[in-house]
Trainee: 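My questions all concern the structure below.
All residue numbers refer to positions in the sequence shown, counting from 1.
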Amino acid sequence: MNTKRLEGRIAVVTGASRGIGRGIALRLAAEGALVAVHYGTRRDAADETVSAIERAGGLAFAVGAELDSMGGVGRLLQMLDEELVRRTGSNQFDILVNNAGVGTSSSFEETNEEEFDRLFTVNVKAPYFLVQQSLGRLRNGGRIINISSGVTRIAYPHIMAYNLTKGALNTFTLHLAQLLGPRGITVNAVLPGIVDTDVNASWLHTPEGRKYAEGMSALGRVGEPEDIADIVAFAASPDGRWMTGQMLDATGGSHL
């Protein structure tokens, strides 16, 4: 019996060279999907992710484009089209995971217009137009999963500009689910809390930081990329067919 739920499906994961995105790419490939591993600047990390998938018997390829402009969205789709047509004879795919994003360490008082605009360009504008321009490529019955954040439920005013972008992504998720429902396409958002990735390593890999992060979760530990990837895999699978327009809390019960 074939237990790979995504056999024959094609998944596109943005920001998949490291961290949560890498975990998602590995998980979807393990379920049988052909995975397009998108990266912004770290081709070496993307190639390593592809190699890890292939070593495990999966299928993947890397596509690179910085998503800080409309030109970047266009380049990503052009490269994706070329690679998919070469491999499958079509540019159609089934699953889009909008994971790529940038963060900030600037406070509300310190955030300037340039940083604000970059946050919204990468975290909101790029997913918006990537979905818009993929509507003819995404098959009926497909899946869109937006990686949002627990900061849309838990107040962290010191990184307010970033938080606003994730709130926008949640709203995008809700309305897109209604729009694409007639095509059988589900749209959901996954909201991670603190996850042990490179982004958090500088403070999380200290005794004080680890203790603080563990204390936030009802489960008493820090999240791992695999924790988020498993939730994404469920939403992407046939098992998630009756779930759409949902904000899936993936914080390990932080600040309940």
Trainee: Could you go step by step and tell me if V102 and L119 meet the side chain to side chain contact (heavy atoms under 4.5 Å, CB included) rule?
Mentor: CA-CA 6 Å; V102 293; L119 286 164; 3.8 Å; yes

Trainee: Can any side-chain N or O of Q92 pair as donor or acceptor with the backbone N or O of G136 at less than 3.5 Å?
Mentor: yes

Trainee: With a 4.5 Å heavy-atom cut-off, do V124 and F172 have their side chains touching?
Mentor: no

Trainee: Please determine whether a side-chain nitrogen of the Lys or Arg among R55 and E48 lies less than 4.0 Å from a carboxylate oxygen of the Asp or Glu.
Mentor: yes

Trainee: Could you tell me the separation between the CD atom of Q246 and the CG atom of N170, rounded to the nearest 0.5 Å?
Mentor: 11.0 Å

Trainee: Do the side chain of T171 and the main chain of G167 share a donor and acceptor less than 3.5 angstrom apart?
Mentor: yes

Trainee: For V187 and V131, what are the C-alpha separation, side-chain angles and deciding distance, and is it a side chain to side chain contact (heavy atoms under 4.5 Å, CB included)?
Mentor: CA-CA 11 Å; V187 187; V131 172; over 6 Å; no

Trainee: Rounded to the nearest 0.5 Å, how far does CG of L130 lie from CG of L76?
Mentor: 5.5 Å

Trainee: Which residues satisfy the side-chain hydrogen bond (donor to acceptor under 3.5 Å, both in side chains) test with R139, sequence neighbours excluded?
Mentor: D94

Trainee: Answer whether the closest heavy-atom distance between the side chains of T197 and P225 falls below 4.5 Å.
Mentor: yes

Trainee: Kindly compute the distance separating CG (N163) from NE2 (H158), expressed to the nearest 0.5 Å.
Mentor: 8.0 Å

Trainee: Would L204 and D196 count as a side chain to side chain contact (heavy atoms under 4.5 Å, CB included) here? Give the steps.
Mentor: CA-CA 7 Å; L204 190 56; D196 193 351; 3.9 Å; yes

Trainee: Report yes or no: do L179 and Y128 belong to one cluster of Ile/Leu/Val/Met/Phe/Trp/Tyr joined by side chain heavy-atom distances under 4.5 Å?
Mentor: yes

Trainee: Taking all non-hydrogen atoms of both residues, which atom of L138 and which atom of R143 are closest, and how far apart?
Mentor: CD1-O, 4.4 Å

Trainee: Distance-only, no hydrogens or angles: does the D81 side chain make a donor-acceptor pair with backbone N or O of Q78 under 3.5 Å?
Mentor: no

Trainee: Do you know the tightest heavy-atom contact between N123 and G101?
Mentor: OD1-CA, 3.1 Å

Trainee: Sequence neighbours excluded, which residues qualify as ring-ring contact (aromatic ring centres under 6.0 Å, His included) partners of F93?
Mentor: none

Trainee: Indicate if I147 and M243 have the same hydrophobic cluster label, given that clusters are the connected sets of ILVMFWY residues with side-chain heavy-atom separations under 4.5 angstrom.
Mentor: yes

Trainee: Sequence neighbours left out, what passes side-chain hydrogen bond (donor to acceptor under 3.5 Å, both in side chains) with N188? Give chain and number order.
Mentor: none

Trainee: Is a donor on one side and an acceptor on the other found under 3.5 Å between the side chain of H38 and the backbone of A65?
Mentor: yes

Trainee: Quick one: hydrophobic cluster around M247, which other residues, with the 4.5 Å side-chain cut-off, linked directly or via members?
Mentor: L174, L191

Trainee: With a 6.0 Å cut-off (strictly less than), is the heavy-atom count around CD of Q178, excluding the residue itself, greater than 12?
Mentor: no

Trainee: If you group Ile, Leu, Val, Met, Phe, Trp and Tyr by side-chain heavy-atom gaps below 4.5 Å, do I145 and I185 land in one group?
Mentor: no

Trainee: What verdict does the side chain to side chain donor-acceptor pair (under 3.5 Å) test give for T251 and D249, after you've listed the backbone C-alpha separation in whole Å, the side-chain angles of each residue and the deciding distance to 0.1 Å?
Mentor: CA-CA 6 Å; T251 68; D249 190 287; 2.7 Å; yes

Trainee: With sequence neighbours left out, what residues match F129 under ring-ring contact (aromatic ring centres under 6.0 Å, His included)?
Mentor: none

Trainee: Between N200 and V195, is there a donor-acceptor pair closer than 3.5 Å when you use the side chain of the first and the backbone of the second?
Mentor: yes

Trainee: Side-chain heavy atoms nearer than 4.5 Å, only ILVMFWY residues, links allowed to pass through others: does that put V151 and L169 together?
Mentor: no

Trainee: If every non-hydrogen atom of A229 is compared with every non-hydrogen atom of G23, which pair is closest and at what distance?
Mentor: CB-O, 3.3 Å

Trainee: Look only at the side chain of S17 and the backbone of Y39, and say whether a donor-acceptor pair between them is shorter than 3.5 Å.
Mentor: no

Trainee: Check side chain to side chain contact (heavy atoms under 4.5 Å, CB included) between E83 and all other residues, then give those that pass, not counting sequence neighbours.
Mentor: F61, R86, R87

Trainee: Check whether any side-chain heavy atom of L84 lies under 4.5 Å from a side-chain heavy atom of R137, and answer yes or no.
Mentor: no

Trainee: For residues 230-241, which side-chain donor-acceptor pairs fall under 3.5 Å, sequence neighbours excluded?
Mentor:
| residue | atom | partner | partner atom | Å |
| --- | --- | --- | --- | --- |
| D230 | OD1 | R27 | NE | 2.7 |
| S237 | OG | R5 | NH1 | 3.4 |
| S237 | OG | F234 | O | 2.8 |
| S237 | OG | D239 | N | 3.1 |
| D239 | OD2 | R5 | NH1 | 2.9 |
| R241 | NH1 | P238 | O | 3.0 |

Trainee: So, does T14 use its side chain to make a donor-acceptor pair with the main chain of A100 at under 3.5 Å?
Mentor: yes

Trainee: Do you know which of N99, V190, N98 makes side-chain contact (heavy atoms from CB on, under 4.5 Å) with N146?
Mentor: N98

Trainee: What distance separates L176 CG from T186 OG1, expressed to the nearest 0.5 Å?
Mentor: 10.0 Å

Trainee: Does Q132 CD have over 12 foreign heavy atoms under 6.0 Å away?
Mentor: yes

Trainee: Grab the two heavy atoms, one from V222 and one from A213, that are nearest each other, plus how far apart they are.
Mentor: CG2-CB, 3.7 Å

Trainee: Is there a continuous path of hydrophobic side-chain contacts, each under 4.5 Å between heavy atoms, that joins I144 to L248?
Mentor: no

Trainee: Verify, without hydrogens or angle tests, whether S107 (side chain) and E110 (backbone) share a donor-acceptor contact under 3.5 angstrom.
Mentor: yes

Trainee: What heavy-atom pair brings V122 and P127 nearest, and what distance separates the two atoms?
Mentor: O-CD, 3.4 Å

Trainee: At what distance, to the nearest 0.5 angstrom, does CD1 of I10 lie from OG1 of T88?
Mentor: 4.5 Å

Trainee: Can you list everything that forms a side chain to side chain contact (heavy atoms under 4.5 Å, CB included) with A30? Sequence neighbours excluded, please.
Mentor: none

Trainee: Per the ring-ring contact (aromatic ring centres under 6.0 Å, His included) rule, what does the pair list look like for residues 101-126, sequence neighbours excluded?
Mentor: F116-F120

Trainee: If the condition is side chain to side chain contact (heavy atoms under 4.5 Å, CB included), which residues does Y212 pass it with, not counting sequence neighbours?
Mentor: Y156, W203, M216

Trainee: Go through the steps to decide whether D227 and R221 satisfy the test side chain to side chain contact (heavy atoms under 4.5 Å, CB included), and finish with yes or no.
Mentor: CA-CA 11 Å; D227 296 320; R221 67 173 178 86; 2.9 Å; yes

Trainee: Give the minimum heavy-atom separation between I228 and P192, together with the two atoms involved.
Mentor: CD1-CB, 3.8 Å

Trainee: For R183, look at atom CZ and say whether over 12 heavy atoms of other residues, nucleotides or ligands are found less than 6.0 Å away.
Mentor: yes

Trainee: Could you give all pairs that pass the salt bridge (charged side-chain N to carboxylate O under 4.0 Å, His left out) test and reach residues 65-75, with sequence neighbours left out?
Mentor: none

Trainee: In Å and rounded to the nearest 0.5 Å, what is the CE to CD distance from M79 to E82?
Mentor: 7.5 Å

Trainee: Considering residues at least two apart in sequence or located in another chain, which fulfil the side chain to side chain contact (heavy atoms under 4.5 Å, CB included) criterion with T49?
Mentor: R22, A25, V37, I53

